[in-house]
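Letters A, B, ... mirror the listed sequences (proteins, then strands); counts begin at 1. From a predicted model like this one, the values you see are computed outputs, not experimental measurements.
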There are 2 protein chains.
Amino acid sequence: MADQTRQTQALGRILELVVVLSEDMTRGLERLGLTDSRAHLLWELHHRGPSTQRTLADALHVSARNITGLVDALVATGFVTREPHPTDRRATLVSFTEHGAATAAALERGQHEFARILFEEMPDHRLDGLVEGLNEVLDRLRKHGVSIESGADQ
Amino acid sequence: MADQTRQTQALGRILELVVVLSEDMTRGLERLGLTDSRAHLLWELHHRGPSTQRTLADALHVSARNITGLVDALVATGFVTREPHPTDRRATLVSFTEHGAATAAALERGQHEFARILFEEMPDHRLDGLVEGLNEVLDRLRKHGVSIESGADQ
DNA sequence: TATTGTTATACTCTATAACTATA
DNA sequence: TATAGTTATAGAGTATAACAATA
């Protein structure tokens, strides 16, 4: 029972972190004129280079229709452009504007900076312990596909 | 530089966990006929008891209008009812139906069960290391209000 | 025939503003 | 005058289905 308390406490900390981190990211992205979804698309584009909307839809696990909307918004706000695909006239290539490329690069730098701020004063053994613990939790989540409602179907 | 890599890796693991956990929760809630937002309202109601919509709006940090919509949906799907407030005729008390109360209780049991599955085979020292690491990260996030885009404004 | 991306339509969550009933 | 909750309106993200252009 003491164990159960500690386990539940650990899960509670993880869920807290999810909330705090998500809110923090959303606020930061808003300052850049981005939403979570649009930033996600930018992030993929940054790591894949110019991509068709189909590719982006598969990468983000959303519908083609959704990508049309996100790209519309990112074009309207000056982050990306639609270019003709060189060989397939059905497809369009989504590419960065200068502003979009600069923003994506800044997001990447920001991520490293953020990691530094979060962990710079954490002793090595604790950082290691944290990563090992997280890896184990992730493994377990992926393998067992357990769900937080596993006990909830009465 | 090696340090930066390890720190960025740790942040990467945390972000992965955020994604996997969120998706898992959303899927599980969907099986119960709930969305994330509706489950969040149910969760508050479970811990506060019958509440006015105003109270719920403040607890969830959303607008009164939003609560109207969420309660509408939860009434329509049989999780809660609107009851007259005993002393304030402007207000309504949101209360559980039997189904709603059972679902909320099941969510709570499910959370303990989920924690057990995630951590049962984790050695004590690693669980402790994980919790300590998470606490430190949370502290730092809250104190400094840093943002993942902190380096992103060029 | 199959694929790419669009239009059409709809649902959920979210917000602000105007309004009603009550305090 | 202030508060509780609604209606009105709007915008973002998401989905499926029908369709056009192209492969």
Exercise. Are A:Phe96 and A:Val71 co-members of a hydrophobic cluster defined by side-chain heavy atoms under 4.5 Å apart?
Worked result: yes
Exercise. Atom OG1 of B:Thr35 and atom CD of B:Glu30: how far apart are they, to the nearest 0.5 Å?
Worked result: 9.5 Å
For this session: Report yes if some heavy atom in the side chain of A:Ser51 is under 4.5 Å from a heavy atom in the side chain of A:Val94; otherwise report no.
Result: no
Problem set entry | Nucleotide interval of DNA chain C bounded by contacts with chain B (heavy-atom cut-off, under 4.0 Å) | C:dT12 to C:dA23
For this session: Report yes or no: do A:Leu93 and A:Leu45 belong to one cluster of Ile/Leu/Val/Met/Phe/Trp/Tyr joined by side chain heavy-atom distances under 4.5 Å?
Result: no
For this session: Answer yes when A:Arg13 and B:Glu136 have at least one side-chain N-carboxylate O distance shorter than 4.0 Å, and no when they do not.
Result: no
Exercise. Please walk me through it: do A:Arg82 and A:Asp72 pass salt bridge (charged side-chain N to carboxylate O under 4.0 Å, His left out)?
Worked result: CA-CA 9 Å; A:Arg82 283 187 170 100; A:Asp72 283 353; 2.9 Å; yes
For this session: Only pairs at least two apart or in different chains count here, so list each ring pair (Phe, Tyr, Trp, His ring centres under 6.0 Å) that has a residue in residues 59-84 of chain A.
Result: A:Phe79-A:His99
Problem set entry | Per-nucleotide protein contact string for nucleotides 8-16 of chain D (B base, S sugar-phosphate only, - none; heavy atom under 4.0 Å) | B---SSBBB
Exercise. Is the closest side-chain heavy-atom distance between A:Leu107 and A:Leu29 below 4.5 Å?
Worked result: yes
For this session: Find the distance B:Gln53:CD to D:dT3:P and express it as a whole number of Å.
Result: 17 Å
Exercise. Can you check whether B:His112 reaches A:Gln7 side chain to side chain, under 4.5 Å on heavy atoms?
Worked result: no
Exercise. Should B:Leu118 and B:Val131 be regarded as members of a common hydrophobic cluster, given that ILVMFWY residues are connected when their side-chain heavy atoms come within less than 4.5 Å of each other, either directly or indirectly?
Worked result: no
Pull out every protein N or O sitting under 3.5 Å from an N or O of nucleotides 20-23 of chain D, one pair per line with the distance.
from: D:dA23; atom 1: OP1; to: A:Arg89; atom 2: N; distance (Å): 2.9

Exercise. Between the axis at one end of the helix from C:dT1-D:dA23 to C:dA23-D:dT1 and the axis at the other (five pairs apiece), what's the angle to 10 degrees?
Worked result: 20°
Exercise. How would you list all residue pairs meeting ring pair (Phe, Tyr, Trp, His ring centres under 6.0 Å) that involve residues 10-46 of chain B, not counting sequence neighbours?
Worked result: B:Trp43-B:His47
Exercise. Is it the case that B:Thr52 and B:Thr55 place a side-chain donor and acceptor less than 3.5 Å from each other?
Worked result: yes
